[in-house]
Every structure is written in structure tokens, then in C-alpha cells.
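Proteins come first, then strands; the chains are lettered A, B, ... in the order of their sequence lines, and each starts at number 1.
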Protein chains: 2
Amino acid sequence: MKTRKEFLSGTLSTIILGLLKENDKMYGYEICQVTKQRTNNEIVLTMGAIYPSLYKLEKEGYIKSSKEIVNGRSRKYYSLNPTTINDIDNRIASLLNFSQNITNLLKIS
Amino acid sequence: MKTRKEFLSGTLSTIILGLLKENDKMYGYEICQVTKQRTNNEIVLTMGAIYPSLYKLEKEGYIKSSKEIVNGRSRKYYSLNPTTINDIDNRIASLLNFSQNITNLLKIS
DNA sequence: TACTTATATATAAGAAAATTATATATTAAT
DNA sequence: ATTAATATATAATTTTCTTATATATAAGTA
């Protein structure tokens, strides 16, 4: 069951932060791949969404980036900014909580 | 834990359909109240969001409305259009599935 | 060799959907 | 008389994503 596009709205940046919390450092393309694999191809993040979202998170101070050359290709790795970890934890917890609320609200019908 | 506003983006119309599936007929204000109560004040739908969303769902043929006067006040009741029940069931199932994917994706970290 | 697929980032134009603010009106409670 | 609760409506703005496009390298295949 492919996820309807609109559901992803607003959750993208928190998904990114959640994966970065778990993975020390990741690059944009990798975040898309991991998300796809871990959700059985149901949540598909697009390039046009992920990169602007990463820039915004960096501009807001939640993450920081560093460029590396790997196998002759340039990669831009991102990692969490530890000074904002409380904010980040709250965002992730809030999204998990929202998901639980949605389930409670709709599974009854 | 109050839900961050952005998470609601894109899910509102499916929440409405989910509640209408369960409740035969409801009016906009009631949908807001029920959602608030059932989520311990965490999911708060706003008036500015709910009414335009109801109009759109009606225009798209998913729901139909009828006005009633109750206690001297006008109420606009909405109910599901049975001809679109398959679409509606798919939307609700897809949102529940999305919530499960989010949980699987983020609860690990 | 040439072509395609996969990897990898970037950004502009447009659309969709919500937020915020405002307006109106009645009933109930203080 | 005033405030809070009930109830609907809509305009302006902002945010955020989709879609499309552009660039570039590596690996696999025909």
C-alpha cells in the first residue's frame, strides 16, 4: 500500500531528524533509500523534497553538514547538532505520539 | 504533548472521513470537539482548516451535507456518500498504514 | 564502444493545504 | 450586561511539497 503523498506533508523534517538520531551521519540520497527499505517501498521521499528540507534544517541549526568524496562521487553528510538534541527528541516523540493518536482515532471505525 | 501543527497537514480530510464513517452524521464543530476529546487535547483541528476541508470533500463527492436548526442555531450536518465508500476505506487504511510505518521507522532510535 | 541504470546533489516554478485573522450570530452562564 | 461556548464562513498569507529540470560520476550490459 503506497503511502498517499499528502500524508507525508509536514513529517519529512522529523523523519530526517529521527533517522539522523539513529545513524550518526547520513547523506540525502541514503535517507531516501533507508526510508524506502524500512517501509517496504511505502514511504518514498523525493529528491525535490529532501534536499530543500536538509538545507532548512541546517539553516535552523538542527543539523550540520560536511562534504566527502566517496568512490569518486561527492557526498554531503549530515549529522545532528547536539546542542539542539532536546528539541529534536521532542519533535520525534511528538510525531510518534501523533501517529499513535491517529491510530486510536481511526482504528475504531 | 500537543501535536505539532505541521504533522496534521494532509491528514485532515482523512480524519474527517474516518470519523464520518463511524458516526453516520456529524457537523464541523462536532468533528473538532470529538477529535480533541479522543486525543486528550493533542490533536486540535482549527475552524479555518475544517470548513474549507469539508467543502472540498463535498465538492469532490465524498460527503454530502444537510442543514438543520438545533436549539435555535444552524448546523450543517455531513455524512458519507456511500458510492465512494471504497475510496474512503482505502484512504483511511492508507493513513493507518502510514502511521504504522512512521512508528516502525522512528521508534527504533 | 555506447547505452542504461544507479548513485548523488541542486534548484526553480507551481500547486496544495494549512495557519492566522477576521466576521457574524445565537445560547448559556455569571 | 458581559463573557464563554456554540457554530459557520472566508480572505490573505505562509509553508511545504510536487513536478520538472539540470548536472555529474560509476557500474553494468549489450
(message) Just to verify, what does A:Y29 make a ring pair (Phe, Tyr, Trp, His ring centres under 6.0 Å) with, not counting sequence neighbours?
(response) none
(message) Grouping I, L, V, M, F, W and Y whenever their side-chain heavy atoms are under 4.5 Å apart, do A:V44 and A:Y51 come out in a common cluster?
(response) no
(message) According to side chain to side chain contact (heavy atoms under 4.5 Å, CB included), who are the partners of B:D89, at least two apart in sequence or on a separate chain?
(response) B:K21, B:I85
(message) Does anything in residues 60-80 of chain A form a ring-ring contact (aromatic ring centres under 6.0 Å, His included)? List the pairs, not counting sequence neighbours.
(response) A:Y27-A:Y77
(message) Which residues in residues 3-11 of chain A have a heavy atom closer than 4.0 Å to any atom of DNA chain D?
(response) A:K5, A:S9, A:G10
(request) Rounded to the nearest angstrom, tell me the gap between atom CZ in B:R73 and atom P in C:dT24. (result) 19 Å
(message) I'd like to know if the side chain of A:N97 reaches the main chain of A:A93, judged simply by a donor and an acceptor atom lying under 3.5 Å from each other, with no hydrogens or angles considered.
(response) no
(message) Contact list please: residues 40-59 of chain B against DNA chain C, heavy atoms, distance less than 4.0 Å, in numerical order.
(response) B:T46, B:G48, B:A49, B:K56
(message) Treating B:T11 as the side-chain partner and A:F7 as the backbone partner, does any N or O pair qualify as donor plus acceptor under 3.5 Å?
(response) no
(request) Check the distance between C:dA29's C1' and B:N71's CG and give it to me in whole angstrom. (result) 15 Å
(request) State whether the side chain of A:K67 and the backbone N or O of A:R75 hold a donor-acceptor pair below 3.5 Å, judged by distance alone. (result) no
(message) Using a 4.0 Å cut-off to any heavy atom of chain A, which nucleotides of DNA chain D are the first and last in contact, reading 5' to 3'?
(response) D:dT16 to D:dA26
(message) With a 3.5 Å distance limit and no angle check, can you tell me whether B:T39 reaches the backbone of B:T35 through a side-chain donor-acceptor pair?
(response) yes
(request) Keeping the roles fixed (side chain from B:E42, backbone from A:N101), state whether a donor-acceptor pair exists under 3.5 Å. (result) no
(request) Find which nucleotide of DNA chain C each of A:E30 and B:L12 is nearest to by heavy atoms, and output the residue with the more 5' nucleotide. (result) A:E30
(message) Between A:N81 (side chain only) and A:T83 (backbone N and O only), is there a donor and an acceptor less than 3.5 Å apart?
(response) yes
